Amino acid sequence: MAPREFFARHWQKRPLVVRGAWPGLRDPATVSDLFRLAARADCEARLIVRRGERWTLQHSPLRPGSRRALPARRWTVLVQGLNHLVPAADRMMRRFAFAPYARLDDLMVSYAAPGGGVGPHVDSYDVFLLQGSGRRRWRIALGGDRALDPRAPLKVLARFRPEREWVLEPGDLLYLPPGVAHDGIALEPCFTYSIGFRAPSTRELGADFLVHLQDHLPLPDTRYADPDLAPTRAPGRIDDAFVARCARMLERVRWSRADVVEFLGRRLSEPKPHVRFAPPHRPLAAADFARAVRRRGAVLAPATGMLYRGRRVFINGESVAAPPGARGALAALADRRALRPGTSITPAGAALLYTWYRAGYLAPVPRGLEAQ
Ligand code: SIN
Ligand code: CO
């Protein structure tokens with residue numbers, strides 16, 4: 001199905017199963033890799049085990065050796081943001097770049113032992129569930145009771161009545177719009193990749209915007225003044241003149257569409273809190289860096305968030321105006337997450353790239369990998 005048709009018929013509307021969406025899919029990480037990552041402090045992971053009717057949930061960092069203590073069946077380990085940690089997972093997620101990066105969140109992987117899963121639940125986001133090796137049975141319900149099981153340490157529906165089901169084979173894809181109850185149970189050891197989207201609530205967006213305004217909105221450096229104040233017999237009362245003057249002062253708190261763009265660009269390009277960038281140990285000199293980029297191109301670090309609108313370019317929560325003549329190259333870098341060798345870039349553009357290189361946000365393509 002062409003992306004245009006998918007958006008018109010399914011996106012935010014109805015589920016879709018695509019058989020053989022990704023022929024020959026190769027899992028970007030092994031189970032051992034996942035347990036190794038889940039033991040790291042810079043990784044967000046969960047281990048969920050079901051014993052009888054009881055669920056247990058452990059958050060990362062998992063103790064090394066946690067895998068050995070697990071039963072043969074009914075557990076699953078989930079690693080969030082695998083795209084930040086494993087380049088092949090980043091490439092997998094970028095196949096979904098037919099949706100804007102402002103909406104795309106991350107790629108989560110789950111590995112489940114037979115019978116394993118996270119239980120029936122509802123997500124508030126769109127998700128593509130791409131089946132890796134092994135098969136998984138998905139059951140979904142568009143309606144039904146949404147009450148949660150109060151005893152479970154995770155959000156599991158107390159009463160789930162499936163309406164449809166599919167067994168997904170490696171390379172099959174299930175798209176679910178927000179609000180569809182779903183339960184995926186591994187029929188055999190299996191990997192599932194969740195390509196998730198983000199859609200902030202009005203409250204989240206509003207609260208964050210107010211914080212942004214507090215830091216970025218230039219307010220006049222004036223102060224309340226009342227040279228015409230007259231004596232009062234009711235000193236406890238807030239009088240009309242006082243309220244009117246304060247209301248006029250607050251009318252100066254105004255924002256424009258440009259402030260909204262600035263806020264969105266910074267917020268949506270901001271890395272997750274646990275992300276750490278690795279600046280180069282022995283950085284190239286600026287001229288050598290520029291030469292390497294010209295010859296071999298450059299790639300963004302997998303955890304780098306980069307967006308643009310007009311002349312504004314946002315990278316990892318920072319905002320800059322694209323230098324004259326560099327706008328096209330920077331937009332291409334944000335769209336493709338890489339600069340092709342030979343891309344012509346002005347000295348000011350190259351200087352900006354060099355700053356980002358020194359911060360660990362991007363790097364020249366390593367020697368020998370130019371063709372990828
Ligand atoms: C899983 O991969 O087990 C869970 C993914 C989901 O239901 O969102
Ligand atoms: Co889900």
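One-based numbering, in listed order, for ligands and for the atoms of each. Quantities reported herein were computed from a predicted structural model and do not represent experimental measurements.
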Are any of the side-chain nitrogens in [X] or [Y] under 4.0 Å away from the carboxylate oxygens of its partner?
{"X": "K155", "Y": "D123", "value": "no"}
{"X": "R276", "Y": "D42", "value": "no"}
{"X": "R151", "Y": "D149", "value": "yes"}
{"X": "R266", "Y": "E262", "value": "yes"}

Within less than 2.8 Å of the Co ion (ligand 2): protein N, O or S atom count: 3

Suppose we measure from [atom] to each protein heavy atom; which comes out shortest, and what is that distance?
{"atom": "atom 5 (C) of ligand 1", "value": "S194 OG, 3.6 Å"}
{"atom": "atom 2 (O) of ligand 1", "value": "S110 OG, 2.7 Å"}
{"atom": "atom 4 (C) of ligand 1", "value": "V118 CG2, 3.9 Å"}
{"atom": "atom 8 (O) of ligand 1", "value": "D123 OD2, 3.3 Å"}

Q131, portion touching ligand 1 at heavy-atom distance under 4.0 Å: neither

V127, portion touching ligand 1 at heavy-atom distance under 4.0 Å: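 Neither part.
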
Taking only heavy atoms of [X] into account, list the atoms of ligand 1 that are under 4.0 Å away from them.
{"X": "W138", "value": "7 (O)"}
{"X": "H121", "value": "6 (C), 7 (O), 8 (O)"}
{"X": "R136", "value": "3 (O)"}

Within-shell test, V109 vs ligand 1, heavy atom, strictly < 4.0 Å: no

R68, CZ: over 12 other non-hydrogen atoms inside 6.0 angstrom: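 Atom CZ in R68 is not packed in, count stays at 12 or less.
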
Worked check of side chain to side chain contact (heavy atoms under 4.5 Å, CB included) between L333 and Y308: CA-CA 10 Å; L333 177 61; Y308 63 93; over 6 Å; no

Geometric class of the F7/F98 ring pair [parallel <30°, tilted 30-60°, perpendicular >60°]: perpendicular

Plane angle bin for F242 and Y224 - parallel if under 30°, tilted between 30 and 60°, otherwise perpendicular: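 Because their plane-to-plane angle lies in the 30° to 60° range, the rings of Y224 and F242 count as tilted.
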
Ring center gap for F263 and W255 short of 6.0 angstrom: no

Ring centers of F96, Y193 separated by less than 6.0 Å: no

Nitrogen or oxygen atoms of H182 and ligand 1 under 3.5 Å apart: yes

Pairs flagged by ring-ring contact (aromatic ring centres under 6.0 Å, His included) wherever residues 322-350 is involved - sequence neighbours left out: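 Qualifying pairs: none.
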
